[in-house]
Amino acid sequence: MNIFYNFSEFVNDELAALKLEGVLPKNLDTSNVSVDPPRDTAHGDIACNAAMVLAKPSGSKPRQLAELLAERLKKHPAVEEVVVAGPGFLNFRLNIEFWHAHLRTVILAGDSYGNSRIGKGEQVNVEYISANPTGPLHVGHARGAVFGDVLASLLEKAGYLVTREYYINDAGAQVDELARSLYWRYCELSGKVVGEMPGGLYPGDYLISVAKQLMDRDGDCWNNLPESEWLSVFRGYAVDSMMKKIRDDLSNIGINQSTFISERALVESGMVQRVVDILDDKNLVYNGVLEPPKGKKTADWEERPQTLFKYSQFGDDVDRPLKKADGTWTYFASDLAYHLDKNKRGFTNLINIWGADHGGYVKRVSAGIEALTDGKANLDVKLCQLVRLLEDGETAKMSKRAGNFVTLSELVNSVGKDVVRFIMLTRKNDAQLDFDLVKVLEQSRDNPIFYVQYAHARSYSVIRMANEIFPESDFSIESLKSINLELLKNKDEIALIKIIALWPRIIESAAESHEPHRLAFYLCELAAAFHSLWSKAKSDASLRFVIDDDLSLTQTRIALVLGMRTVVASGLEVMGITPLEELRA
RNA sequence: GCGCCCGUAGCUCAGCUGGAUAGAGCGUCGGCCUUCUAAGCCGAAUGUCGCAGGUUCAAAUCCUGCCGGGCGCACCA
């Protein structure tokens, strides 16, 4: 359904024919030939660079070759004209029948319009959020959460088989601190401790209710026992409780990952040891002493021999430790095990969503994966920049009861899941994002989620209107599938079809580049074209969608409205947002 | 000191993996409501794409070097 792909095939067929005829060299490389929408719509509907790319290797001049190609390409039944422009562009203008036919395919396809097969059913593992289970999710997690989830849906629409995964960091020192924090709350309940929680522990009051539940279950039997007795019990209980809370919060924003992998389980299964053995076999592990880190004051630095990974063989100047001073594995070591585990589960396409503060870690993990899989697995790490919470332009001061951060659930309760999901994609992942709690709820042009939803709702209002004017008639999707579209002649109407026709290409390019924000930008563009068309009828009543005394014209135009709505709904669906049929309360 | 990301209109940002005269929103200025919801639309002005080289038919886009901003840099995750 990607029309540019169809024309690309056509161009390539013609080039192949010219080779057979001896007009072009038999071994001419045509892989650089592209068929794209031109930047400026005045240049036509489709632009092809073939003449410019092929002129030199085929020993001809660009414009000359372009003229030759133009003659051949004119014969396509959908092509109105082909003109040679600029340095040798081939600009195609497609005939109106083509656009009518395309609109019909949109209406016939419905939700499936834009589905692509570029993924060829390949498996992709998208790992996102993976927040430490030491507390509730906060705003900082929201962006990566939405980004990963929409990217996953996008890849599914593009024909990939996607697994949505969460890695639970339940093995390090942090979860031990969590266990001690819970134990402190537990002792607090029994009156054994009072006052401020000691430093280093997690002070948020979210552990109080967890302690109560544990007290209800076990009574006070853990009091006065040494840490070695209770630590693993409290740790397990705390992690389970936090993960349940995290999953509930995610569910409230429409995220339901299918796979949760425990770091502790990986370590206990011996996977980490096996990974280090594999690296050792490849002669990439040794025992050595690192230089002190530069650029940062490290008062507690001490020289000590460590088990190191020869990261320097993969382009950096420093090797990285696999074991901590206390003999346990570093995060890096278990992370390598985790990624090898992904690979062993059959994934070669790996995507990780991380916060930008982990940027320095990307190359290390990529290098590890390369070493472990002999370059057979590919990892793409997408870094999400910070979100700045604002309240009408000022730094937000929402409640911070759960610690010193705004939680995800507070954010979702405040503005709603759909708003959070859309706004998080209104910037490219590596650009900082301002999230204004007031402005995202405004009903104005400035607010993209509103603007897009308004286009969707407006399509319903048009059809309601049509039903009032023509009570005897049927404006259902079924009846419009076979409607005659020839009455769509207006330039702006055809322009809207052309924007609708970009959708499959947007899906494919966004999926291939792992950039879901393109959906949000495209939907704004589509909405703008629709609102513009609507508003033109203000000054020219003949452009209205509903024409009082012309049923067939009304039906035709409503088919166009339906095509627009189909794509908006489809886009919002990929973004995990419920399209609204009415905006009025 | 090293690595990664960013630098595009007054502001906030896109720019379709190398295409044509670099776009959008906000803001500014000028139009448009007896409304298929003006919750909006139309038009105008605004640029050394950080700087300097290089690659080629073609560079905001790729390469190199600077300048400026952010993040990270044993053992935490």
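Letters A, B, ... mirror the listed sequences (proteins, then strands); counts begin at 1. Heavy atoms only: backbone and side chains are in, while hydrogens, waters and symmetry mates are out.
Regarding N447(A), its CG atom lies at a distance of 15 Å from the P atom of G25(B), rounded to whole Å. One interatomic measurement links the two molecules: CZ of R544(A) to P of C36(B), which rounds to 4 Å at whole-angstrom precision. Rounded to whole Å, atom P of U35(B) lies 14 Å from atom CD1 of I469(A). C11(B) atom P lies 19 Å from atom CG of D436(A), rounded to whole Å. What separates CG of L433(A) from P of C6(B) is a distance of 16 Å, to the nearest Å. The separation between R63(A) atom CZ and A58(B) atom C1' is 15 Å, rounded to whole Å. The nearest whole Å value for the distance from the CG atom in D430(A) to the C1' atom in G15(B) is 14 Å. Y331(A) has its OH atom 17 Å from the C1' atom of A74(B), to the nearest Å.
Set against C75(B), A14(B), U17(B), the side chain of H517(A) has A14(B) as its closest nucleotide. Proximity note for R427(A) (side chain, C-beta onward) versus C41(B), U12(B), U37(B): the nearest is U12(B). The side chain of E515(A) sits closest to G15(B) out of G15(B), G40(B), U37(B). Nearest to the side chain of V53(A), among G19(B), C26(B), U56(B), sits G19(B). In this structure, the nucleotide among C13(B), G15(B), C76(B) sitting nearest to the side chain of A431(A) is C13(B). Which of A74(B), A77(B), U37(B) sits closest to the side chain of A457(A) comes down to U37(B). For R320(A), counting side-chain heavy atoms from C-beta on, the closest listed nucleotide (C73(B), G15(B), A77(B)) is C73(B). Considering only the side chain of R39(A), A20(B) comes nearest among A77(B), A20(B), C75(B). In the set C71(B), A74(B), G15(B), G15(B) carries the atom at the smallest distance from any side-chain atom of K428(A). Between C36(B), A77(B), G40(B), one nucleotide has an atom nearer to the side chain of S535(A) than all others, and that is G40(B).
Annotation for G368(A) and L336(A): closest pair CA-CD2, 3.5 Å, computed over non-hydrogen atoms. Here the closest non-hydrogen pair linking L290(A) and D319(A) is CD2-O, 3.4 Å. Closest of all the heavy-atom pairs between S262(A) and D170(A) is OG-OD2, 2.7 Å.
For H43(A) and A20(B), the ring-to-base geometry satisfies the stacking test (centroid distance below 5.5 Å, interplanar angle below 30°). Remark: ring of W534(A) overlaps the six-membered base ring of C36(B) in a stacked fashion, centroids less than 5.5 Å apart, planes less than 30° apart. The aromatic ring of F89(A) sits over the base of A20(B), with ring centres less than 5.5 Å apart and planes inclined by under 30°.
Residue order along RNA chain B, read from the 5' end via each residue's closest nucleotide, puts H514(A) first among S539(A) and H514(A). For the pair Y167(A) and R458(A), both in contact range of RNA chain B, the more 5′-proximal nearest nucleotide belongs to R458(A).
Taking 4.0 angstrom as the limit, R505(A) places a side-chain polar atom (N or O) nearer than this to OP1 or OP2 of U17(B). An OP1 or OP2 oxygen of C41(B) is reached within less than 4.0 angstrom by no side-chain nitrogen or oxygen of K536(A). The side chain of T330(A) places no N or O atom within less than 4.0 Å of a non-bridging phosphate oxygen (OP1 or OP2) of C75(B). One finds a side-chain N or O of S532(A) lying less than 4.0 angstrom from the OP1 or OP2 phosphate oxygen of C42(B).
Of the nucleotides present, C71(B) is the one that pairs with G3(B) by Watson-Crick or G-U wobble criteria, both distances under 3.5 Å. Across all strands shown, nothing is found opposite A9(B) as a Watson-Crick or G-U wobble partner with both distances under 3.5 Å. Under the Watson-Crick or G-U wobble criterion, with both distances below 3.5 Å, A14(B) has no partner in any strand shown. Remark: U21(B) base-pairs with no nucleotide; criterion is Watson-Crick or G-U wobble with both hydrogen-bond distances under 3.5 Å. Across the strands present, A38(B) finds no partner; the criterion is a Watson-Crick or G-U wobble pair with both atom distances under 3.5 angstrom. Using Watson-Crick or G-U wobble geometry with both donor-acceptor distances under 3.5 Å, C62(B) finds its partner in G54(B). In this structure, G47(B) makes no Watson-Crick or G-U wobble pair, since no nucleotide meets both defining distances under 3.5 angstrom.
Glycosidic torsion of C33(B) falls within 90° of 0, placing the base in syn. Nucleotide U35(B) is shown with an anti base, its glycosidic torsion being more than 90° from 0.
The ring of Y128(A) has its center no closer than 6.0 angstrom to the ring center of Y166(A). In this structure, the ring of Y451(A) has its center less than 6.0 angstrom from the ring center of H531(A). Checked against the 6.0 Å centroid threshold, F4(A) and F92(A) do not count as a close aromatic pair.
By the 6.0 Å contact criterion, CD on E291(A) is open, its count of non-hydrogen atoms from other residues, nucleotides or ligands being 12 or less. Shown here is Y460(A), whose OH atom has more than 12 heavy atoms of other residues, nucleotides or ligands within 6.0 Å.
Taking atom P on both nucleotides, G25(B) is separated from G65(B) by 39 Å, rounded to a whole Å. For the C1' atoms, the distance linking U46(B) with G23(B) amounts to 13 Å, nearest Å. For the P atom pair drawn from U48(B) and G43(B), the interatomic distance equals 25 Å after rounding to whole Å.
Side-chain N/O atoms of N49(A) and base N/O atoms of A58(B) include no donor-acceptor pair closer than 3.5 Å.
A donor-acceptor pair under 3.5 Å is formed between the side chain of N447(A) and the backbone N or O of E442(A).
Within the nucleic acid shown, D335(A) has no heavy atom closer than 4.0 Å to any nucleic acid atom. Nucleic acid contact for P62(A): none, since no nucleic acid atom lies under 4.0 Å from a heavy atom of the residue. Residue-level contact check: Y451(A) touches the backbone only, with heavy atoms under 4.0 Å from sugar-phosphate atoms and none from bases.
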